[in-house]
Amino acid sequence: MRYSQYFVPTVKETPSDAEVISHQLMLRAGMIRKLAAGVYNYLPMGLRSIRKVENIVREEMNRAGAIEILMPTVQPAELWQESGRWEFYGKELLRFKDRKEAEFCLGPTHEEVVTDLVRREVKSYRQMPLNLYQIQGKFRDEIRPRFGLMRGREFIMKDAYSFDVDSAAADLSYDKMYQAYRRIFERCGLNFRAVEADTGSIGGTSSHEFMVLAESGEDAIVSCSCCQYAANIEKAEVRPVAPAEHAEPRPLEKVATPEKRTIEEVAAFLHVPHSSMAKCLIFVADGEPVVVLVRGDYELNEIKLKNLLGCTELEMAPDSVVENVTGAPVGFAGPVGLKVRIIADFSVQGMKNFVTGGNEKDIHLKNVNLERDFRVERFADLRNVVPGDACPRCEEGRMEMWRGIEVGHVFKLGTKYSEALKATYLDAEGKERIIFMGCYGIGVSRTVAACIEQNYDGNGIIWPIPIAPFHCIVSALNYKEEAVAQASDAIYEELAAAGVEVILDDRDERPGFKFKDADLIGIPLRIVVGAKNLAEGKVELKHRKSGEVELLSVNEAVAKVRALVVAALK
RNA sequence: CGGGGUGUAGCGCAGUCUGGCUAGCGCACCUGCCUUGGGAGCAGGGGGUCGGAGGUUCGAAUCCUCUCACCCCGACCA
């Protein structure tokens with residue numbers, strides 16, 4: 001490819017609405033352009049990287065025995081009504097009507113469509129295991145699209161669905177996908193972790209997320225310093241610890257705390273550590289108020305609470321409910337004397353003589369004690385893991401915390417969708433049984449963005465070779481000079497013939513301009529052909545990542561680039 | 001949806017509070033000269049229904065009403 005005839009609209013200035021580095025660099029490097037909120041045009045450079053990821057995904061899916069299909073973007077409402085998600089999926093599902101007033105939606109995911117396909121075609125245990133996948137554009141009408149390709153409304157996703165005769169067979173399919181995912185992200189050159197995750201709205205019995213480690217990640221994940229345990233903070237378990245305090249209960253005491261509402265303010269005012277206070281939070285679960293206690297220095301994990309309560313709607317109580325339940329304005333809630341059910345985190349179990357709100361304006365209570373002053377209906381693991389916590393799985397480990405970008409998610413679905421859509425088969429005895437499913441997603445366009453979050457410097461992107469739009473750029477410093485043009489063309493031809501994806505910068509621009517563009521776009525290898533070096537038969541090979549520069553003969557440079565590319569792709 | 005903010009040339013912005021003169025600046029773009037190892041320099045040039053509609057006024061980018069789009073903070077997720 002000749003740069004002068006290609007389409008790479010780079011820009012020097014950073015667009016003001018791009019927050020994260022991948023968004024800024026993809027815009028500046030001419031990879032993407034925004035069409036509408038969360039909807040992007042993929043320009044040549046961007047598309048090439050996306051295709052690279054797609055191909056890696058495709059190869060590994062095929063290797064794992066999955067079979068590629070392509071399902072429609074437009075889906076009929078009936079299927080969603082049948083699974084019950086027409087009501088549950090909410091506004092994220094973009095709905096519309098055709099000319100005959102029939103209802104449709106833009107597919108945010110394809111459980112219904114594949115399950116429908118399979119229920120029609122798969123009748124016998126002999127047809128399974130079956131794993132169908134596609135790489136396709138999805139649309140989710142996100143509440144708040146942001147960060148460019150990291151959270152678009154339209155995005156490219158690989159989604160696979162496995163169908164098995166029973167739970168054990170489904171576990172095997174799941175393991176295969178899990179291994180395939182590891183290979184995929186390794187091949188993309190990403191630094192990632194597979195973590196245990198909450199299944200969220202897709203449902204099912206268990207799941208793992210594949211997280212690319214990056215400061216800008218929207219998810220918090222924890223991992224053990226010793227063993228393999230790693231989980232999304234939403235899911236991460238806290239190791240229960242035996243109550244340690246043995247202090248004698250002291251008499252309950254009311255103290256005035258004028259205008260002191262938060263843990264921070266009250267602790268400072270009363271000169272007690274946060275850990276000597278109990279946070280009292282009031283929620284509304286499916287319309288019912290619930291009081292939840294957590295030790296003052298910890299955070300409540302709402303997902304754990306929601307799963308414990310088994311409710312579908314959970315929200316922080318509005319001020320009016322708090323006032324109703326406690327009889328006091330927000331900021332002075334405590335468990336003593338309340339009439340509603342009280343749930344508490346394990347961290348509260350061992351507390352003695354602690355501080356809580358007094359359920360009265362400007363009043364807190366000191367020396368509060370369990371049993372004597374109030375009763376807890378149930379203790380459970382309800383708090384977020386904190387760095388340094390003991391590992392729930394091994395004896396020695398301590399928890400470490402990271403930020404991550406979710407690029408893949410694998411789920412064991414069980415029979416959630418097959419039951420709703422009546423996807424059944426006949427077993428060897430001729431008995432009708434429900435199919436067991438799994439589903440496996442990879443955010444392809446997001447993976448490209450995540451890769452940039454992990455690979456950049458002050459000058460631009462630094463692509464790992466496997467997903468770089470081009471492996472090598474030949475920068476001809478003055479293409480108008482006969483010798484330079486000839487040598488550049490020759491190098492370009494030879495590299496291309498050797499299977500290297502190469503772009504020749506033959507533009508009539510100043511050297512600095514070309515270097516800046518090359519660095520911004522992030523091509524891993526650059527051969528600079530300049531008149532001075534060429535007079536001595538030399539060209540320069542520069543490595544984008546290390547900045548290392550080698551002065552080589554033309555032949556050496558071509559051979560070296562070829563070798564580096566082959567090594568990186570094997 | 002709730003809260004906050006922004007719409008002026010392709011991009012980044014000034015001008016708006018306090019209405020008035022030809023609507024400005026940097027980058028990008030076009031032409032010429034010059035220059036060629038880290039986003040050069042000089043000269044000339046093109047490009048705007050000031051997001052849209054309505055209103056107030058002798059006069060509106062500026063004031064008022066409505067509307068649309070986009071961005072940021074919360075709930076969503078690949």
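Numbers restart at 1 for each chain; the letters A, B, ... are given by sequence-line order, proteins then strands.
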Which whole-number value in Å describes the distance from Tyr161(A) OH to A78(B) P? 10 Å
Roughly, in whole Å, what's the span from NZ in Lys514(A) to P in A40(B)? 13 Å
Between Ile523(A) and Phe470(A) the two heavy atoms that sit nearest each other are CG2-O, 3.5 Å
Does a side-chain heavy-atom distance below 4.5 Å link Asn384(A) with Tyr298(A)? no
Quote, to the nearest angstrom, the P distance that separates G52(B) from A60(B). 15 Å
Side chain of Arg146(A) (C-beta onward), nearest among G38(B), C70(B), C73(B): C73(B)
Out of G37(B), A78(B), G39(B), which nucleotide sits closest to the side chain of Phe515(A)? G37(B)
Gap between atoms CD and P, on Glu481(A) and U36(B) respectively (whole Å): 10 Å
Per-pair stack call Phe513(A) and G38(B), 5.5 Å, 30°: no
Report which part of the nucleic acid Asn459(A) touches: base, sugar-phosphate, or nothing (heavy-atom distance under 4.0 Å, all strands). nothing
Between Ala468(A) and Lys52(A), which heavy-atom pair has the shortest distance, and what is it? O-NZ, 2.7 Å
Residues from residues 209-221 of chain A lying under 4.0 Å of RNA chain B - heavy atoms: Asp219(A)
Quote, to the nearest angstrom, the P distance that separates G32(B) from A61(B). 38 Å
With rounding to the closest Å, how many angstrom separate the P atoms on G26(B) and G44(B)? 13 Å
Quick one: look up who G59(B) pairs with, Watson-Crick or G-U, both distances under 3.5 Å, and put none if it's unpaired. none
So, is Arg510(A) near the phosphate of A40(B), with a side-chain N or O under 4.0 Å from OP1 or OP2? yes
Classify the side chain of Glu509(A) versus the base of G39(B) as yes if they form a donor-acceptor pair under 3.5 Å and no if they do not. no
Complement of A69(B), any strand, by Watson-Crick or G-U distances under 3.5 angstrom: U6(B)
Restricting to pairs with a member in residues 204-220 of chain A, which pass salt bridge (charged side-chain N to carboxylate O under 4.0 Å, His left out), not counting sequence neighbours? Arg146(A)-Glu218(A), Arg151(A)-Glu218(A)
Taking the side chain as everything from C-beta on, heavy atoms only, tell me whether Leu541(A) gets closer than 4.5 Å to Val549(A). no
A side-chain contact here means heavy atoms from C-beta on lying under 4.5 Å apart; do Ile442(A) and Phe185(A) qualify? yes
Counting only Watson-Crick pairs (N1-N3 plus N6-O4 or O6-N4) and G-U wobbles (N1-O2, O6-N3), all under 3.5 Å, who is the partner of C25(B)? G12(B)
Donor-acceptor pair present, Lys542(A) side chain and G38(B) base, under 3.5 Å: yes
Report the residue (Pro145(A) or His409(A)) whose heavy-atom-nearest nucleotide on RNA chain B is the more 5′ of the two. Pro145(A)
Ignoring hydrogens and angles, answer whether the base of G39(B) and the side-chain atoms of Asp517(A) contain a donor-acceptor pair closer than 3.5 Å. yes
Counting C-beta onward and ignoring hydrogens, is there a side-chain heavy-atom pair between Arg33(A) and Tyr42(A) closer than 4.5 Å? no
Same-atom distance (P) from C71(B) to G12(B), integer angstrom: 12 Å
Could you tell me which non-hydrogen atom of Leu93(A) sits nearest to which non-hydrogen atom of Trp86(A), and how far apart they are? CD2-CE3, 3.9 Å
For A40(B) and C27(B), measure between their C1' atoms and round to the nearest Å. 14 Å
Report the nucleotide, chosen from U36(B), G39(B), C70(B), that has the shortest atom-to-atom distance to any side-chain atom of Asp508(A). U36(B)
Mind checking side-chain contact (heavy atoms from CB on, under 4.5 Å) for Pro72(A) and listing every partner two or more places apart, or none if nothing turns up? Val113(A)
Between Ala29(A) and Val8(A) the two heavy atoms that sit nearest each other are O-CG1, 3.6 Å
Counting only side-chain heavy atoms from C-beta out, which of G39(B), G37(B), C70(B) sits nearest to Leu520(A)? G39(B)
Parallel, tilted or perpendicular, as decided by the 30° and 60° cut-offs, for the rings of Tyr181(A) and Phe210(A): tilted
Taking atom C1' in both G37(B) and C33(B), what distance in whole Å separates the two? 23 Å
I want to check something: taking the side chain as every heavy atom from C-beta on, are Leu552(A) and Glu540(A) in contact at a cut-off of under 4.5 Å? no
Using a heavy-atom cut-off of 4.0 Å across all strands, would you classify Gly152(A) as base, sugar-phosphate, or nothing? base
With rounding to whole Å, what would you report as the distance between G20(B) and C64(B) at their P atoms? 15 Å
May I ask you to decide if the ring planes of Tyr174(A) and Tyr440(A) are parallel, tilted or perpendicular, using 30° and 60° as cut-offs? tilted
Residues in side-chain contact (heavy atoms from CB on, under 4.5 Å) with Ala66(A), at least two apart? Met61(A), Asn131(A), Tyr133(A), Met177(A)
If C1(B) has a Watson-Crick or G-U wobble mate with both distances under 3.5 Å, name it; if not, just say none. G74(B)
For a 4.5 angstrom cut-off between non-hydrogen side-chain atoms, does Leu149(A) reach Ile32(A)? yes
Which residues, if any, of residues 521-539 of chain A bring a heavy atom under 4.0 Å of RNA chain B? Arg526(A), Val528(A), Gly530(A), Lys532(A), Asn533(A)
Could you give the distance separating U67(B) and C11(B) at their C1' atoms, to the nearest angstrom? 27 Å
Would you indicate what Tyr181(A) reaches in the nucleic acid, counting non-hydrogen atoms under 4.0 angstrom: base, sugar-phosphate, or nothing? nothing
Indicate, with a heavy-atom threshold strictly under 4.0 Å, whether Glu92(A) touches base, sugar-phosphate, or nothing. sugar-phosphate
Separation of A78(B) P from Arg153(A) CZ (nearest whole Å): 18 Å
Whole angstrom is fine here: how far is it from OH in Tyr133(A) over to C1' in A78(B)? 17 Å
Output the rounded distance in Å from CZ (Phe155(A)) to C1' (A78(B)). 5 Å
Between Arg28(A) and Leu149(A), the residue closer to the 5' end of RNA chain B by nearest nucleotide is Arg28(A)
Could you state the CG-P distance from Asp505(A) to U36(B), rounded to the nearest angstrom? 18 Å
What nitrogen or oxygen pairs link the protein and nucleotides 2-12 of chain B at under 3.5 Å?
| unit_1 | atom_1 | unit_2 | atom_2 | d |
| --- | --- | --- | --- | --- |
| C11(B) | O2 | Glu13(A) | OE1 | 3.4 |

Please name the nucleotide paired to G47(B) by Watson-Crick or G-U wobble geometry with both distances under 3.5 Å, or report none. none
Quick check: any donor-acceptor pair below 3.5 Å linking the side-chain of Arg151(A) to the base of C77(B)? yes
Closest heavy-atom contact between Ser83(A) and Leu421(A)? N-CD2, 4.0 Å
note: Phe139(A), atom CZ; C76(B), atom P; distance rounded to Å ~ 19 Å
Winner on side-chain proximity to Lys516(A), out of C77(B), G37(B), G39(B), is G39(B)
